[in-house]
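Take a look at the structure below.
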Amino acid sequence: MGISLGELWEGFSASDCRFAELAKYLAGARVLRQDPVECLLQFLCSSNNNIARITKMVDFLASLGSHLGNVEGFEFHEFPSLERLSLVSEVELRNAGFGYRAKYITGTVDVLQSKHSGGAEWLLSLRKLDLQEAIDALCTLPGVGPKVAACIALFSLDQHHAIPVDTHVWKIATRYLLPELAGVRLTPKLCSRVAEAFVSKYGKYAGWAQTLLFIAELPSQKAILPSDFCAMEENKSAKTKER
């Protein structure tokens, strides 16, 4: 909360007129500084998944933690510790609908539990590293690739310029930042180029700008935007493709 969202948005808007327009309707999209253990396990649940299933899986994991209370019919739990999660079997997770992600969660918990300093402490120590060092360290965990690692770095390791590149972010980049790459297949090398383009455009808090641009692509958020804004976007996209 010590970061001024207003000042960031003002800077992003000055360098990007499209961001300035979107910010009028999607104000308040703040990046969370999550606990690294919770953030890591949540993003393991997100692999090739949809929001409804991710929510169900994260709710299951949370239910394993200490019960905090009930507010207007909603049950709240403290996210479980690694020690508690180490007692959950892969079979139990598969029965709860985790699919192949079950082995990644149990495998990651086992690796973290084997860390000499403790898994939670090891993850916290990654906040002291450079972005690429943090990503490389995270990628040693089962089920963690560069995109998931970048998500964890952005949302829990203070790496504000981390850019998680997936197909959605790739479309944003080729539409507005790197139009010359439209129609090209995304590769690991191009992921780095996309990240560099975002940082070049938005600076050391590029991950925050990317978050709002990503949110603006979600159907639920597009519904908030005026219909003429969406029509203008489609026309610009069509002209870019023609060029």
Side-chain angles (χ1 to χ4, degrees), residues 29-115 118-124 126 134-135 137-157 159 162-170 207 210-211 214-215 217-223:
R30 177 177 288 277
V31 169
L32 299 178
R33 188 182 195 243
Q34 287 186 282
D35 173 80
V37 171
E38 180 177 351
C39 187
L40 164 61
L41 292 169
Q42 287 178 343
F43 276 108
L44 284 177
C45 293
S46 73
S47 175
N48 296 314
N49 213 344
N50 58 61
I51 292 176
R53 286 192 66 202
I54 295 168
T55 301
K56 183 178 179 181
M57 291 158 67
V58 172
D59 284 347
F60 176 84
L61 292 179
S63 71
L64 302 175
S66 302
H67 184 253
L68 298 175
N70 179 296
V71 179
E72 297 182 359
F74 291 94
E75 300 292 340
F76 288 87
H77 295 80
E78 182 179 21
F79 200 79
S81 64
L82 288 172
E83 289 73 19
R84 174 65 184 90
L85 289 167
S86 68
L87 303 177
V88 183
S89 69
E90 180 182 334
V91 172
E92 186 176 354
L93 290 176
R94 285 186 177 274
N95 289 339
F98 282 68
Y100 68 88
R101 303 166 196 84
K103 65 181 179 182
Y104 293 149
I105 291 174
T106 56
T108 289
V109 170
D110 288 343
V111 172
L112 292 175
Q113 284 288 82
S114 70
K115 296 292 183 184
E121 289 74 15
W122 179 78
L123 285 171
L124 283 172
L126 301 185
I135 287 177
L138 290 167
C139 285
T140 64
L141 301 172
V144 178
K147 182 238 175 175
V148 167
C151 289
I152 298 163
L154 174 62
F155 293 110
S156 70
L157 300 181
Q159 301 286 354
I163 305 295
V165 181
D166 61 5
T167 55
H168 301 290
V169 175
W170 173 242
Q210 175 265 334
T211 298
F214 178 85
I215 289 171
E217 296 296 312
L218 299 176
S220 60
Q221 301 307 304
K222 278 188 173 181

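Since the structure is predicted, the reported quantities are computational estimates derived from the model, not experimental observations. All residue numbers in this chain count up from 1 along the given sequence.
Within 6.0 Å of atom NZ in K115, more than 12 heavy atoms from other residues, nucleotides or ligands are found, so the atom counts as buried in its surroundings. Annotation for L87: atom CG counts as buried by contact number, over 12 foreign heavy atoms lying within 6.0 Å.
Note: D35 CG to L41 CG = 9.5 Å, rounded to the nearest 0.5 Å. Taking NZ of K103 as the reference point, atom CG of L44 lies at 12.5 Å (rounded to 0.5 Å). For the atom pair SG of C39 and CZ of F79, the computed distance is 10.0 Å after rounding to the nearest 0.5 Å. Atom CD1 of residue I152 and atom CD1 of residue I135 lie 10.0 Å apart, to the nearest 0.5 angstrom. Of the inter-residue distances, the one linking I215 atom CD1 with H168 atom NE2 reads 13.0 Å to the nearest 0.5 angstrom. Within the model, atoms CG of L40 and SG of C45 stand 9.5 Å from one another, a figure rounded to the nearest 0.5 Å.
The minimum heavy-atom distance linking A162 with A150 is given by the pair CB-O, 3.7 Å. Taking all atoms of both residues into account, the shortest heavy-atom contact from C139 to A149 is SG-CB, 4.0 Å. Here the closest heavy-atom approach between residue L154 and residue P164 is recorded as CD2-CD, 4.2 Å. Of all non-hydrogen atoms in G207 and T211, the two that sit nearest each other are O-OG1, 2.8 Å. Of all the heavy atoms in G65 and H77, the pair that sits closest is O-CD2, 3.3 Å. For L93 against A102, the heavy-atom pair with the smallest separation is CB-CB, 3.6 Å.
The salt bridge (charged side-chain N to carboxylate O under 4.0 Å, His left out) check on E90 picks up R94, with sequence neighbours excluded. With sequence neighbours left out, N95 forms a side-chain hydrogen bond (donor to acceptor under 3.5 Å, both in side chains) with no residue at all. By the side-chain hydrogen bond (donor to acceptor under 3.5 Å, both in side chains) test, Q34 is found to be paired with Q42, residues two or more places apart in sequence or in another chain being considered.
Looking only at side-chain heavy atoms (C-beta outward), T106 and S89 stay at 4.5 Å or farther from each other.
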task = Given side-chain contact (heavy atoms from CB on, under 4.5 Å), test K147 with V169 step by step and report yes or no.
result = CA-CA 11 Å; K147 182 238 175 175; V169 175; over 6 Å; no
ask   = When you look at V88 and I105, which way does the side-chain contact (heavy atoms from CB on, under 4.5 Å) test go after all the steps?
value = CA-CA 10 Å; V88 183; I105 291 174; over 6 Å; no
Full working for side-chain contact (heavy atoms from CB on, under 4.5 Å) between V148 and L138 = CA-CA 9 Å; V148 167; L138 290 167; over 6 Å; no
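A distance-only check finds no donor-acceptor pair linking the side chain of R53 to the backbone of N50 [under 3.5 Å].
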